[in-house]
Protein chains: 2
Amino acid sequence: MASSTVENYLKHVLLLSAGGDGLVSMGALAGALAVVPGTATTMVKALADGGLVEHRPRHGVRLTAAGRRLALGVLRKHRLVETFLVNVLKMDWAAVHAEAEQLEHAISDDVLDRLDALLGHPATDPHGDPIPSRQGQLDSQVYATLATCVADKTLRVVRVTDQSAEFLQFVDQTGLLPGTALRVASRNLAAGLVTLKRPGARPLALSLAAAGNILVAPAR
Amino acid sequence: MASSTVENYLKHVLLLSAGGDGLVSMGALAGALAVVPGTATTMVKALADGGLVEHRPRHGVRLTAAGRRLALGVLRKHRLVETFLVNVLKMDWAAVHAEAEQLEHAISDDVLDRLDALLGHPATDPHGDPIPSRQGQLDSQVYATLATCVADKTLRVVRVTDQSAEFLQFVDQTGLLPGTALRVASRNLAAGLVTLKRPGARPLALSLAAAGNILVAPAR
DNA sequence: AGATTTATTTTGACTACTCAAAATAGGCCG
DNA sequence: CGGCCTATTTTGAGTAGTCAAAATAAATCT
Ligand SMILES: [Mn+2]
Ligand SMILES: [Mn+2]
Ligand SMILES: [Mn+2]
Ligand SMILES: [Mn+2]
């Protein structure tokens with residue numbers, strides 16, 4: 001049985017290798033796990049011994065097939081737990097990430113399957129993050145962000161990347177939850193500002209940095 | 001934050017001090033936690049340093065007020081989680097103990113309160129074990145067992161002590177779940193046998209040892 | 001190319017928890 | 001009381017995970 005520590009390392013390697021060339025730097029990994037770089041190095045060597053990652057010294061880490069399978073399992077637990085906490089227990093969507101961080105290591109596969117059924121086999125969690133399938137398929141569709149999308153076309157929010165409670169609170173307050181329809185009214189690169197229009201709501205201004213954390217797709 | 005290990009030690013001291021003079025022997029504690037006695041001694045000394053137990057060397061351990069408060073919190077989580085798993089996720093009541101053993105350490109107080117509300121503030125878990133209140137009140141009512149109760153009076157099962165999957169499976173199969181009405185038809189001390197009658201069901205024989213794990217009260 | 005900056009790895013040390021096996025203290029029995 | 005049996009404690013050692021700080025390699029900049 002993999003320890004919580006091992007599960008967290010693998011999950012973060014998976015998350016960090018999403019963009020980029022698939023090789024995760026030690027610095028990034030250590031940062032994500034809130035440990036000093038030396039600790040990450042030591043741990044990664046142990047994981048490599050266990051056949052869960054491939055370590056290219058001085059360059060980075062990458063998951064092996066076994067490591068990826070495990071990481072996807074943890075991610076599935078994390079996101080299904082978040083969905084349960086929001087949909088069934090009605091928790092604040094900004095609080096569930098911290099909860100799921102613990103619960104993802106304590107839930108059995110049996111309980112997971114039952115939660116999945118109870119929730120109606122959701123495809124995404126409350127933040128729009130895709131939930132890996134039972135077989136380990138992860139939707140990797142690339143979306144535009146409010147910082148990069150076309151202007152003046154009607155779009156809908158599909159996902160909010162940035163797990164921080166403050167940002168999620170802000171998104172909730174201003175009503176930019178996944179599913180919301182909107183369009184980019186204007187974008188000022190120099191000022192780093194994006195202005196949004198939503199039907200029946202007042203215009204909203206957003207920094208480019210913030211806008212980059214909100215993924216959108218053409219309104220269906 | 002108390003580690004899972006600490007929480008398990010405290011919970012088992014609480015459980016083991018239920019009967020007896022309140023002083024739990026190292027042997028009993030070590031056995032319950034599946035560690036060697038020396039490990040329990042070491043750990044208990046650490047807990048005593050932390051003010052969670054009182055250690056009378058060579059005699060036993062007892063919870064302090066702080067330790068008891070913590071232990072009751074863990075027990076509450078354990079039993080509410082079991083209730084959730086059975087009532088909401090429809091899991092087999094023989095399987096939930098092992099699940100709850102992990103989840104009791106991963107659930108926050110906020111999630112716990114919401115589960116409690118979702119379940120309608122139950123007083124007992126699926127096995128009839130009393131759930132400590134939010135304020136730390138634990139019902140300590142003493143019940144008769146099928147091995148000790150009066151014969152030929154109608155009773156109802158209130159609780160099944162013995163967490164083992166095999167025994168719980170047996171109880172489930174033979175329909176002796178908490179709530180069931182029955183009476184002791186005969187009891188043969190020499191043979192160590194108890195015979196039960198239930199309305200509309202065939203008589204059932206049980207060893208005295210097994211009967212001792214089924215608690216009953218007068219039918220209301 | 002040589003020097004400097006920066007990321008990574010190594011080393012030594014620490015905490016929490018555990019076991020095996022030897023030492024010891026209590027309780028009990030004659 | 002004195003000896004024996006048994007539970008408990010002590011001692012020495014090991015695993016998993018972590019940090020601080022020194023050593024090293026890679027990348028970048030004259
Ligand atoms: Mn986690
Ligand atoms: Mn999420
Ligand atoms: Mn436990
Ligand atoms: Mn129970």
Side-chain angles (χ1 to χ4, degrees), chain A residues 1-13 16-17 19-63 66-67 70-71 74 101-102 104-106, chain B residues 1-13 16-17 19-63 66-67 70-71 74 101-102 104-106:
Chain A
M1 203 62 60
S3 67
S4 310
T5 306
V6 167
E7 291 188 342
N8 280 332
Y9 272 84
L10 295 177
K11 188 186 72 172
H12 278 110
V13 173
L16 291 169
S17 57
D21 56 349
L23 213 48
V24 176
S25 79
M26 283 305 168
L29 184 56
L33 288 158
V35 295
V36 302
T39 300
T41 299
T42 308
M43 194 65 202
V44 160
K45 286 203 291 189
L47 294 176
D49 280 352
L52 296 172
V53 302
E54 181 193 340
H55 183 204
R56 306 237 349 262
R58 236 101 212 182
H59 291 275
V61 235
R62 175 199 328 275
L63 292 173
L70 237 154
V74 178
E101 205 52 56
Q102 303 306 313
E104 66 189 355
H105 312 293
Chain B
M1 206 60 62
S3 68
S4 310
T5 306
V6 167
E7 292 189 342
N8 280 331
Y9 272 83
L10 295 177
K11 187 185 71 173
H12 279 110
V13 174
L16 291 169
S17 57
D21 57 348
L23 213 48
V24 176
S25 80
M26 281 306 168
L29 184 56
L33 288 158
V35 296
V36 302
T39 301
T41 299
T42 308
M43 195 63 202
V44 160
K45 286 204 291 188
L47 294 177
D49 280 353
L52 296 172
V53 303
E54 181 193 340
H55 182 204
R56 305 236 352 260
R58 236 101 211 184
H59 291 274
V61 234
R62 176 202 324 277
L63 292 173
L70 237 154
V74 178
E101 205 52 56
Q102 303 308 313
E104 66 189 356
H105 313 293

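In what follows, every chain begins at residue 1, and chains take the letters A, B, ... in the order their sequences are listed.
Following rounding to the nearest Å, K45(B) (NZ) and dT11(D) (C1') show an atom-to-atom distance of 11 Å. Distance, E7(B) CD to dA16(C) C1': 15 Å, rounded to whole Å. With rounding to whole Å, L47(A) atom CG is found 13 Å from dT9(C) atom P. As a whole-Å value, the separation of L10(B) CG from dC17(C) P is 11 Å. In this structure, CG of L29(A) is placed 13 Å from C1' of dT8(C), rounded to the nearest angstrom. One can place CE of M26(B) at 15 Å from C1' of dG26(C), the figure rounded to the nearest angstrom. Distance R56(A) CZ to dT8(C) C1': 14 Å, rounded to the nearest Å.
The two residues A106(B) and A106(A) come nearest to each other via the heavy atoms CB-CB, 3.6 Å. Considering all non-hydrogen atoms of both residues, A66(B) and G51(B) come closest at CB-O, 4.1 Å. Closest approach of E7(A) and H105(A) over heavy atoms only: OE1-ND1, 2.7 Å.
The line from NZ of K11(B) to CD of E101(B) is 3.5 Å long, rounded to the nearest 0.5 Å.
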Tabulated below should be each protein N or O lying under 3.5 Å from an N or O of nucleotides 13-15 of chain C; please produce it.
none

Original post:
In the 5'-to-3' direction, what one-character label does each nucleotide of nucleotides 16-29 of chain D receive under the scheme B = base within less than 4.0 Å of a protein heavy atom, S = sugar-phosphate only, - = no such atom?
Top reply: -SSBS---BSSS--

Subject >> Stepwise side chain to side chain contact (heavy atoms under 4.5 Å, CB included) check, V74(B) with L10(B) >> reply: CA-CA 9 Å; V74(B) 178; L10(B) 295 177; over 6 Å; no

Mind listing the side-chain donor-acceptor pairs of residues 23-49 of chain A below 3.5 Å, one per line with the distance, residues two or more places apart or on another chain?
| from | atom 1 | to | atom 2 | distance (Å) |
| --- | --- | --- | --- | --- |
| S25(A) | OG | A28(A) | N | 3.1 |
| T41(A) | OG1 | P37(A) | O | 3.2 |
| T42(A) | OG1 | G38(A) | O | 2.9 |

